[in-house]
Amino acid sequence: MDDSRQQRKTLLSQVMGPSWRDEFGDAVFADPSYREWQERSFEAGRSAAPRPLDEQPERRDLEALVPAWRRGLERIVVLACRGPYVRTLRSSALLVTTEVRDESGAYRAALASFAPQ
């Protein structure tokens, strides 16, 4: 790898952190359990009926979303995995699981917890 490509890779790693591939290697993506998880996630997304606009979590919990947005929230990243999990990512993003986003009280608490780093 030439110096400029290596420098770019190093800088991106510092900004974004390690990728899944960097963290676990390529073999994890060939693992049958990963493939099964991926298929379940895609199927759940395909089979889910679209919600009416008023039932969208961001519309439903707008009163909690606005203060987080004023504190700098620009992006909400939703993980399709089991269990509740919330984490602020850098200064403008919030990571939540689907379970948290789907339950109004939990989602409001997650939005209230957003604190830019």
Side-chain angles (χ1 to χ4, degrees):
M1 185 179 305
D2 67 16
D3 288 344
S4 62
R5 287 185 64 199
Q6 182 59 46
Q7 182 179 21
R8 180 178 186 272
K9 184 177 178 182
T10 300
L11 290 172
L12 281 174
S13 176
Q14 290 171 353
V15 171
M16 303 297 291
S19 69
W20 286 101
R21 186 165 270 111
D22 293 339
E23 192 76 19
F24 300 105
D26 288 329
V28 72
F29 297 105
D31 186 277
S33 64
Y34 170 77
R35 297 280 182 209
E36 290 168 15
W37 169 82
Q38 189 178 42
E39 287 177 28
R40 281 192 317 268
S41 295
F42 287 139
E43 184 55 37
R46 281 192 299 265
S47 65
R51 298 179 196 184
L53 183 60
D54 288 342
E55 293 177 18
Q56 294 291 326
E58 290 70 31
R59 176 69 67 104
R60 176 195 69 207
D61 298 321
L62 187 62
E63 290 177 15
L65 179 62
V66 169
W69 171 73
R70 287 186 175 141
R71 290 191 307 276
L73 180 64
E74 295 177 1
R75 178 170 290 135
I76 299 168
V77 179
V78 182
L79 290 179
C81 60
R82 292 185 199 128
Y85 185 78
V86 176
R87 179 177 171 203
T88 296
L89 301 174
R90 296 184 301 280
S91 62
S92 62
L94 184 67
L95 177 86
V96 299
T97 56
T98 303
E99 181 177 315
V100 169
R101 187 169 176 257
D102 287 345
E103 201 280 302
S104 183
Y107 195 42
R108 287 173 177 265
L111 291 166
S113 76
F114 173 74
Q117 298 176 353

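The figures that follow rest on heavy atoms only: side chains count, while hydrogens, waters and symmetry mates do not.
- Nearest heavy-atom pair across F29 and Y34 is O-CD2, 3.3 Å.
- Contact between V86 and S113 at its shortest, heavy atoms only, is CG1-OG, 3.8 Å.
- Residue-environment remark: CZ (R71) exceeds the threshold of 12 foreign heavy atoms within 6.0 Å.
- Put simply, CG on L11 and CD on Q6 are 10.0 Å apart, with the number rounded to the nearest 0.5 Å.
- Among all heavy-atom pairs drawn from V100 and A110, the shortest one is CG1-CB, 3.9 Å.
- Taking CZ of R8 as the start and OG of S4 as the end, the distance is 9.5 Å to the nearest 0.5 Å.
- Of the listed residues (E58, R60, E99), just one forms a side chain to side chain donor-acceptor pair (under 3.5 Å) with Y107, and that residue is E58.
- Residue G83 comes nearest to T97 through the heavy atom pair O-OG1, 2.7 Å, listed as atom of the first residue, atom of the second, then distance.
- Checked against side-chain contact (heavy atoms from CB on, under 4.5 Å), S91 has the following partners two or more places apart in sequence or in another chain: P116.
- Summarising the geometry, atom CG belonging to L111 is positioned 10.0 Å from atom CZ belonging to R101; distances are rounded to the nearest 0.5 Å.
- Atom CZ of R90 sits about 8.0 Å away from atom CZ of R75, to the nearest 0.5 Å.
- Atoms CG and CZ, from L65 and R70 in turn, are 10.5 Å apart once rounded to the nearest 0.5 Å.
- Neither F42 nor V28 shares a network with the other; the hydrophobic side chains, linked directly or stepwise wherever heavy atoms of I, L, V, M, F, W or Y lie under 4.5 Å apart, form separate groups for each.
- Think of Y85 as one node in a network of Ile, Leu, Val, Met, Phe, Trp and Tyr side chains linked at under 4.5 Å; its network also takes in V77, L79, L89, L95.
- E43 CD: more than 12 foreign heavy atoms inside a 6.0 Å radius.
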